[in-house]
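Structure, as C-alpha cells:
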Amino acid sequence: MWTTPSNGDSFVNMDCSKNVVTIMPSVEMLVSFSHDTMRAKKPCLLYAERMDFKEMLQLRLAEKADQRRMYITTVDCTSFHELKQDQCLNVTFAGFMDNVVRMLRDCQSGKLELHLAAREPNGTDYQLQFVEIRSFKNLIHLCLPCRSAPLNTVLYYINLMLDASHKKCFLLEESIQQVQLELSSQRAHMDRLGAENSKLREALAENTQRLEEQHAAELQQMQEQLSKVNEQRSSELERNRRSISSIQTQLEKANADKCDTKIALEQAEQRNQALSDELASCKSRMCSLKEQNDKLHSDKVNAKKHERKLEYKIEDLKQHTAELQEHIQRGNKEKANVAAELEAEKKILHTKRQALEMASEEIAKANQIILKQNQEILGHRKTIGWRTEVALQQEKAIQEKEKLLSLRENELREARITIKELREEIPHQLLSMRQFANTLEKKYSSQILTLKERLSGTCTGKENRR
C-alpha cells in the first residue's frame with residue numbers, strides 16, 4: 001500500500017512557502033467520518049494547494065466547528081508513482097492534479113462524496129476516499145492516505161488565518177474612517193442643499209407672485225382690447241350687411257328691368273312681322289306707287305341698316321352681361337361690384353331698347369348715363385376694397401393677440417409644472433439620501449461589532465491556551 005511521504009506532513013516545514021499556489025479556492029462541504037462502526041457527516045473546510053516549482057500536492061481538511069481537528073494529505077513524485085502502481089492510474093502528475101480538482105468540484109456539486117475512514121482505532125492515519133453513491137454498490141474512484149495534523153501545523157494555519165483577519169480588520173477600519181468622512185461631507189452637503197433649497201423656494205414663490213400679477217394685468221388689458229375690437233368688428237359687420245342688402249335689392253331691380261327688356265324685344269319682333277306683312281301688301285300696289293315705293297325702299301334699306309347696327313349692339317350687350325354673370329359666380333367678394341355693373345348694364349339695355357322705338361338721339365343720352373354709372377361702380381369698388389383691407393388687418397391683429405395670449409398661458413403652465421416637480425422631487429431626494437446614510441451606518445456598525453466579537457473571541461482563546 002501507498003504511504004505518506006516522510007519528509008513532512010504539510011508545507012510548513014518548507015522554506016519556500018511563498019511558492020505555494022492554491023489550485024482551488026477554499027470550499028465548505030460535508031465529509032462523512034467513519035470511526036470503528038460510527039459514521040457521521042460533518043461540515044469541513046477544504047484547502048487544495050501545490051508547490052509552484054515542484055511536483056507536490058496537498059489537500060487540507062479542517063472541521064468547521066473545531067478547526068484544531070485538521071487532516072492533511074500530501075502527494076509528491078515518489079508517492080505518486082506508488083499510488084499509480086497500487087490504484088492503476090493512467091495519468092501524469094499534472095493530469096492527476098486536474099482530475100483531483102474535477103472530483104473535488106463534483107463533491108461540491110453533490111455528484112461525489114468525500115469519506116474519511118480511520119485505518120486503525122484511535123490512530124492518526126486515515127484514508128480520504130472519493131466515493132460515487134450508487135444503488136447497488138458504492139464506487140471508490142480514488143483513495144488517498146491522510147494524517148491528522150500535528151499541533152505545530154494547526155497553530156501555523158490558525159496564525160495565518162488570524163493575520164488575514166487582522167489585515168481585514170485594519171482595512172475595514174480604514175474603510176470605516178473613509179465612510180465616516182464621506183458621511184460627514186454628505187451631511188454638510190445635505191445642509192448646503194437644504195439652505196439652497198429654501199432659498200430657491202423663496203425665489204420661486206416671489207417669481208410666481210410677480211408673474212401672476214404681470215399676467216393678470218396683461219390679461220385685463222388684452223380683454224379690454226378684445227372687447228373694443230369685437231365692438232368695432234360688430235359695427236363694421238352691420239355696415240357690411242346693410243350694404244350687401246342694398247346691393248341685393250339693386251340686383252333684384254336689375255333682374256326686373258331685364259324681364260321688361262325681353263318683353264320689349266318680343267313686341268319689336270311682332271312689329272317687324274307686321275311690317276313685313278304690310279310690305280307684301282304694298283308689292284301689289286307697286287305699279288301705282290313706284291315713286292312712293294322707291295322712297296319706301298330707300299327708307300327700308302336705311303331702317304335695315306339701323307336695325308343691324310342695333311342688333312350688333314344688342315349682341316355686344318348680351319356678351320357683356322354673360323361675362324358679368326361669370327364674374328358673379330367666381331367670387332362672393334366681387335359680388336357687389338358685378339351686381340352694380342349688371343344694374344348699370346341693364347339700365348343701359350333698357351334705355352337702348354327704348355331708343356329703338358324713339359330715336360338715335362336718345363342713344364347719346366344713354367351713353368352719358370352709362371359713363372356716370374361706371375364712375376359710380378368704380379367708386380363702389382374702391383370703397384369695398386378699402387373696407388375689406390381694413391377688416392383683414394383687424395383680423396390679423398386679433399389673431400396675433402390671440403397667439404400672444406396662448407404663448408403666455410403655455411409659459412404659465414410650464415412654470416407651474418416645474419414648480420410642482422421641484423416640490424415633489426426635493427423631499428424624495430432628501431429621503432433617499434437619509435436612507436442611504438442610515439443603511440451605511442447600519443452596515444458598517446454591524447461589521448464593526450462582528451469584528452470586535454471575533455477579536456475578543458480570538459484573544460480569549462489565546463489566553464486560555466497560554
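Reckoned from all heavy atoms, side chains included, excluding hydrogens, waters and symmetry mates. We're numbering straight along the sequence, starting at 1.
Interatomic distance, Lys167 NZ to Leu171 CG, rounded to the nearest 0.5 Å: 9.0 Å. Note: Ser26 OG to Glu49 CD = 10.0 Å, rounded to the nearest 0.5 Å. For the atom pair CD of Glu173 and OG of Ser175, the computed distance is 9.0 Å after rounding to the nearest 0.5 Å. With rounding to the nearest 0.5 angstrom, the CG atom of Leu183 is 13.5 Å from the NE2 atom of His189. Taking CE of Met56 as the reference point, atom OG1 of Thr78 lies at 8.0 Å (rounded to 0.5 Å). Atom NZ of Lys41 and atom OG of Ser34 lie 12.5 Å apart (nearest 0.5 Å).
Between the side chain of Ser32 and the main chain of Leu114, a donor-acceptor pair closer than 3.5 Å is present. Distance alone, capped at 3.5 Å, places no donor-acceptor pair between the Gln127 side chain and the Cys143 backbone. Not a single donor-acceptor pair under 3.5 Å links the side chain of Asn197 to the backbone N or O of Leu193.
Note: Phe96 and Phe80 have tilted aromatic rings, judged against thresholds of 30 and 60 degrees for the angle between ring planes. Between Tyr71 and Phe33, the ring-plane angle classifies as tilted under the 30° and 60° cut-offs.
Using a 4.5 Å heavy-atom threshold, the side chains of Leu59 and Leu128 count as touching. Side-chain contact between Glu174 and Phe170: present, with at least one pair of heavy atoms (C-beta onward) separated by less than 4.5 Å. The shortest distance between side-chain heavy atoms of Ser246 and Arg242 does not fall below 4.5 Å. Counting heavy atoms from C-beta on, the side chains of Tyr126 and Thr73 never come closer than 4.5 Å. Cys44 is not listed as a side-chain neighbour of Arg69, based on a closest heavy-atom distance of 4.5 Å or more. Here the side chains of Arg39 and His115 are not in contact, with every heavy-atom distance at 4.5 Å or above.
Residues meeting the side chain to side chain contact (heavy atoms under 4.5 Å, CB included) test with Ile23, sequence neighbours left out: Ala48, Arg50, Leu57, Met97, Val101.
Residues Arg134 and Asn138 come closest through the heavy atom pair N-OD1, 3.3 Å. For the pair Ser235 and Gln232, the tightest heavy-atom approach, listed with the atom from each and the gap, is OG-O, 2.5 Å. Heavy-atom minimum distance, Ala149 versus Ile72: CB-CD1, 3.6 Å. The shortest non-hydrogen separation linking Met24 to Leu104 is SD-CB, 3.8 Å.
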Working for side chain to side chain contact (heavy atoms under 4.5 Å, CB included), residues Phe130 and Cys107: CA-CA 8 Å; Phe130 293 90; Cys107 292; 3.9 Å; yes

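Side chains of Asp76 and Ser79: a donor on one and an acceptor on the other come within 3.5 Å.
When the shell of 6.0 Å around NE2 of His141 is examined, it contains more than 12 heavy atoms from other residues, nucleotides or ligands.
Ion pairing between a basic and an acidic side chain is recognised when a charged N comes within 4.0 Å of a carboxylate O; Arg102 and Asp106 show such pairing.
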